[in-house]
Amino acid sequence: MTSPAFRPDTLSALFAPRSIAVVGASSSAQKIGGIPIDYQRRFGFDGALYAVNPKATQVQGLPAWPSLQAIGQPVDLAICAVPAALVDDTLDDAIAAGVKGVVLFSSGFAEVGPEGSAAQARLAQRARAAGVRLIGPNCLGLMNLRRNVYATFSPAPGVGRVAAGRIGLVSQSGAFGAYAYSMARERGVGLSLWVTTGNEADVQLADCLAWLAQDPDTDVIMAYMEGCRDGQRLREALALAQACGKPVVMVKVGSTALGAQAAASHTAALAGDDAVYDAVFRRYGVLRAHSLTEFFDLAHSAAVAGRPRDRSIGLFTLSGGVGALMADDAAQQGLDVPPLSDAAQAQLREWVPFAAPRNPVDITGQVTNDMTLLERSARLMLEDRGFASWMGFLAAAGASDAFWPVLRELVASLRAAYPDTVLAISTLLAPERRAEVEAMGCLVFADPSDGIRTLAALAGSHRPADAKAAASPAPHGDPIRLPEGGLNEPQALAMLARAGVPVVPHRVASDADAAADAAETLGGPVVVKVVSRDIPHKSDVGGVALSVQGAAAARAAFERTLGSARAARPEARLEGALVAQMVQGGVECIAGVHRDPVFGPVLMFGLGGIHVETLRDVSLRVLPITRDDALSMVRELRAFSILDGARGRAPVDVDSLADALCALADFALRAGDSLASAEINPLIARPRTEGGCVAVDALVVGRAGESASTHH
């Protein structure tokens with residue numbers, strides 16, 4: 001990582017301080033300035049602790065210092081619990097004293113309006129210039145549970161402390177963070193670091209993610225996000241967590257759709273900001289939770305068992321009915337349940353002639369007569385197919401004292417023999433026995449359906465860490481600068497063609513005779529469309545003529561379409577007509593790039609017509625992409641079967657679609673900031689024998705100009 005925000009040494013003074021000073025320290029352990037001192041003393045912080053209050057001589061048994069500078073000793077972290085009016089002087093004092101990090105509880109900054117935003121920006125600039133890292137303002141602070149650091153005024157630790165553990169929790173909201181801390185305590189989830197970032201004048205949620213990704217005391221990261229100002233910073237942090245093998249479980253609130261240019265471009269309307277966040281999260285293997293229960297379940301499960309390497313699962317059961325239930329759940333969750341080999345099935349039948357040996361594997365209640373069947377069957381399954389996940393339904397056997405040693409040995413043996421497999425069992429276990437099984441790295445579920453859903457969520461869209469290395473190809477060719485005012489459709493088609501997008505054969509006609517010549521040259525039925533950058537939807541003004549055959553018809557279509565457009569939009573600039581071959585058959589698709597205000601260019605692909613208008617069946621990727629990404633975009637559509645040859649139709653050339661998506665993505669990267677959006681609608685997908693896909697209409701919107709295009 002190149003960003004200085006991600007250098008651990010710049011944030012360790014905040015998150016793992018060896019010395020703490022509280023500015024605005026209070027003798028009352030119930031006040032904002034007194035709570036942190038009470039916590040450090042009560043909960044065993046073993047570093048130096050200083051109270052700063054110029055109006056006192058002693059605070060909670062500590063000598064009171066008039067300023068940070070007066071302490072005369074190194075201070076890693078200063079907790080600032082003073083009114084907004086005193087923050088500037090406190091920061092000056094901290095800079096002069098060489099303080100490395102500041103937690104700023106004070107409110108009255110960006111959250112109160114433009115004046116507060118300006119004050120916050122000045123504060124951040126001064127801290128940055130001095131090399132001081134700042135959490136807040138308007139935050140609840142942070143806690144390092146492993147080092148007994150409680151730089152917070154939240155009452156939650158006073159009610160009861162969370163045990164130190166290996167899960168880091170970051171929240172942009174103080175209220176959510178405090179509630180999540182309490183939930184962690186109630187559910188017995190141990191935390192390494194707890195941080196609330198508040199207004200994020202300096203340290204953002206992304207910086208905390210990056211620090212935790214490199215923290216040896218953290219295995220799993222939980223995060224609550226309301227919004228992001230720096231998409232690249234977040235992507236770098238998520239990529240770092242992925243590379244370090246740290247699962248990230250995210251709650252992202254807000255699903256507002258972007259409306260910019262929605263009238264001219266489907267891409268802008270479909271690529272709403274929540275959908276773009278989803279695409280980013282999928283790219284970096286983030287586990288997105290949609291409830292607090294799911295938030296903690298996923299984090300706990302990831303901490304216990306890690307994440308499966310793919311979506312394959314072996315299902316083992318003592319009950320045929322529950323085996324069918326698990327198989328149904330797995331299918332609904334998109335897990336892969338491949339059957340065992342013929343040889344493995346034959347071996348299982350030899351052991352238990354009436355077993356169901358495919359997958360799920362049901363060895364029935366015969367296990368009561370031969371307990372060794374459990375481990376033998378599980379090992380046979382894992383040796384045969386090497387499943388990424390394995391789940392065994394053991395009914396109520398877990399409640400039996402006689403069965404407990406067998407279960408414990410089964411888990412220990414499988415964990416040692418198959419360390420890369422995510423193991424889970426469904427049975428009834430007492431809390432202490434459940435804890436023992438989980439300590440061995442095996443998940444435990446009372447409800448097998450809960451187990452399947454959790455394993456599917458853990459599998460998610462998980463990509464190996466090394467897969468991302470190929471996901472940042474440099475654009476091919478020289479940069480493109482779109483002209484101010486955008487492009488008309490022929491210009492857009494020509495530019496996309498030069499970028500490698502296959503476009504329909506066409507000619508531009510300035511008069512009726514030229515239209516006739518173009519129809520003769522192209523042959524077959526043609527489409528005649530008025531060219532005007534002022535009329536994006538040509539069919540709305542009668543500016544499109546379909547199935548035009550021959551020179552005379554083309555001449556008449558030219559006059560008719562331009563006449564209709566002129567009558568409907570007398571102020572529009574008419575630049576002639578585009579005469580193009582009529583593409584018949586195939587499947588209408590849509591492909592586009594829209595510039596997201598947070599993450600930059602986002603590629604969208606979907607089926608056209610009713611699928612995009614009504615079902616919104618589209619896939620998204622934040623650029624850059626690889627060709628594998630492009631292929632995945634095509635194949636992950638819910639209606640992919642239409643492209644793959646439904647109802648006996650020939651399958652379309654998926655490779656040509658992927659190539660077109662890569663070319664469009666490359667065009668967008670080369671156009672850079674000059675591009676607001678580009679859209680191909682429709683992009684006709686055809687079988688390879690018919691030439692593959694072809695762009696029929698194109699829309700290109702420059703950031704500073706108007707759009708120019710056509711839509712039938």
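- A donor-acceptor contact shorter than 3.5 Å links the side chain of E294 to the backbone of H290.
- Between the CZ atom in R686 and the CG atom in L643 there is a gap of 14.0 Å [rounded to 0.5 Å].
- Between the CG atom of L562 and the CG atom of D511 there is a distance of 10.5 Å, given to the nearest 0.5 Å.
- Annotation: side chain of I680 is not in contact with side chain of I590 (no heavy-atom distance under 4.5 Å).
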Exercise. Stepwise, does the side-chain contact (heavy atoms from CB on, under 4.5 Å) test hold for E679 with H594?
Worked result: CA-CA 8 Å; E679 184 173 286; H594 174 76; over 6 Å; no
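- A donor-acceptor contact shorter than 3.5 Å links the side chain of K246 to the backbone of L212.
- Look at E575 and R533 and you find a salt bridge, because one of the NZ, NE, NH1 or NH2 atoms lies within 4.0 Å of a carboxylate O, short of that distance.
- A salt bridge is defined here as a Lys NZ or Arg NE, NH1 or NH2 lying under 4.0 Å from an Asp or Glu carboxylate O, and R453 with D329 fails to meet this definition.
- With sequence neighbours left out, the side chain to side chain contact (heavy atoms under 4.5 Å, CB included) criterion links V598 to C228, Y277, D596.
- Atom CZ of R358 has 12 or fewer heavy atoms from other residues, nucleotides or ligands within 6.0 Å.
- With contacts defined as side-chain heavy-atom distances shorter than 4.5 Å, the pair E588/L683 does not qualify.
- Judged by distance alone, with hydrogens and angles left aside, the side-chain atoms of R307 form a donor-acceptor pair with the main-chain N or O of L458 at under 3.5 Å.
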Listing, residues 650-660 side-chain donor-acceptor contacts under 3.5 Å, not counting sequence neighbours, or none:
from: D653; atom 1: OD1; to: D655; atom 2: N; distance (Å): 3.2
from: D653; atom 1: OD1; to: S656; atom 2: N; distance (Å): 3.3
from: D653; atom 1: OD1; to: R688; atom 2: NH2; distance (Å): 3.4
from: D655; atom 1: OD2; to: R688; atom 2: NH2; distance (Å): 3.2
from: S656; atom 1: OG; to: D653; atom 2: O; distance (Å): 2.8
from: S656; atom 1: OG; to: C693; atom 2: N; distance (Å): 3.0
from: D659; atom 1: OD1; to: R627; atom 2: NE; distance (Å): 2.8
from: D659; atom 1: OD1; to: R627; atom 2: NH2; distance (Å): 3.1

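- The closest side-chain donor-acceptor pair between S312 and D310 falls under 3.5 angstrom.
- Between L664 and A678, the shortest heavy-atom contact is CD1-CB, 4.2 Å.
- A donor-acceptor pair under 3.5 Å is formed between the side chain of S532 and the backbone N or O of R573.
- Within the model, atoms CG of L607 and CG of D617 stand 6.0 Å from one another, a figure rounded to the nearest 0.5 Å.
- At distances below 3.5 Å, not a single donor-acceptor pair connects side-chain atoms of R621 with backbone N or O atoms of A279.
- If you take OG1 on T521 and CD on Q581, they are separated by 11.0 Å, rounding to the nearest 0.5 Å.
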For this session: With side-chain contact (heavy atoms from CB on, under 4.5 Å) as the test, would you mind laying out the steps for L340 and R385 before giving the verdict?
Result: CA-CA 7 Å; L340 298 187; R385 285 291 185 236; 4.0 Å; yes
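- The backbone N or O of A210 sits less than 3.5 Å from a side-chain atom of Q214, completing a donor-acceptor pair.
- With sequence neighbours left out, D278 forms a salt bridge (charged side-chain N to carboxylate O under 4.0 Å, His left out) with R288.
- G306 and V422 make their closest contact through O-CG2, 4.1 Å (heavy atoms, listed as atom of the first residue, atom of the second, distance).
- Nearest approach of G702 to L482, heavy atoms of both residues: CA-CD1, 4.3 Å.
- A donor-acceptor pair under 3.5 Å is formed between the side chain of Q172 and the backbone N or O of G227.
- Side-chain atoms of L574 and V531, non-hydrogen and from C-beta on, never get closer than 4.5 Å to each other.
- Proximity of a side-chain donor or acceptor of S539 to a complementary backbone N or O of V544 within less than 3.5 Å is not detected.
- Annotation for L287 and A457: closest pair CD2-O, 2.8 Å, computed over non-hydrogen atoms.
- D697 places no side-chain N or O within donor-acceptor distance of the main-chain N or O of P682, the cut-off being under 3.5 Å.
- The pair D644-R635 fails the salt-bridge criterion, with no side-chain N (NZ, NE, NH1 or NH2) lying under 4.0 Å from an Asp/Glu carboxylate O.
- For R507 and D517, the salt-bridge test fails: no basic side-chain N is under 4.0 Å from an acidic carboxylate O.
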For this session: Kindly determine whether F387 and L382 satisfy side-chain contact (heavy atoms from CB on, under 4.5 Å), including the steps that lead there.
Result: CA-CA 6 Å; F387 299 109; L382 291 168; 4.3 Å; yes
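- When every heavy atom of V220 is checked against every heavy atom of A299, the shortest pair comes out as CG1-O, 3.9 Å.
- R595 contributes a side-chain N or O that, together with a main-chain N or O of L675, makes up a donor-acceptor pair within less than 3.5 Å.
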For this session: Go through the steps for D420 and R309 under the test salt bridge (charged side-chain N to carboxylate O under 4.0 Å, His left out), then give the verdict.
Result: CA-CA 8 Å; D420 296 330; R309 61 185 177 276; 5.8 Å; no
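- Distance OG/S564 to CG/D540: 12.5 Å, rounded to 0.5 Å.
- F281 and K252 make their closest contact through CE1-CB, 3.8 Å (heavy atoms, listed as atom of the first residue, atom of the second, distance).
- When side chains are defined from C-beta on, R569 counts as touching D534, because their heavy atoms get closer than 4.5 Å.
- Contact of the R235 side chain with the V622 side chain is registered, since non-hydrogen atoms from C-beta on lie closer than 4.5 Å.
- The closest side-chain donor-acceptor pair between T626 and D629 falls under 3.5 angstrom.
- Note that CE of M326 and CD1 of I313 are 8.0 Å apart. Values are rounded to the nearest 0.5 Å.
- Salt bridge annotation for R566-E571: absent, with no cationic side-chain nitrogen under 4.0 angstrom from a carboxylate oxygen.
- I480 places a side-chain heavy atom less than 4.5 Å from the side chain of F667.
- Residues V503 and V696 are not in side-chain contact: their nearest non-hydrogen atoms beyond the backbone lie 4.5 Å or more apart.
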Exercise. Given I684 and C589, is the side-chain contact (heavy atoms from CB on, under 4.5 Å) satisfied, shown in steps?
Worked result: CA-CA 6 Å; I684 304 296; C589 300; over 6 Å; no
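- Electrostatic pairing of R311 and D336 does not count as a salt bridge here, judged by no charged N lying under 4.0 Å from a carboxylate O.
- Counting heavy atoms from C-beta on, the side chains of R498 and M495 come closer than 4.5 Å.
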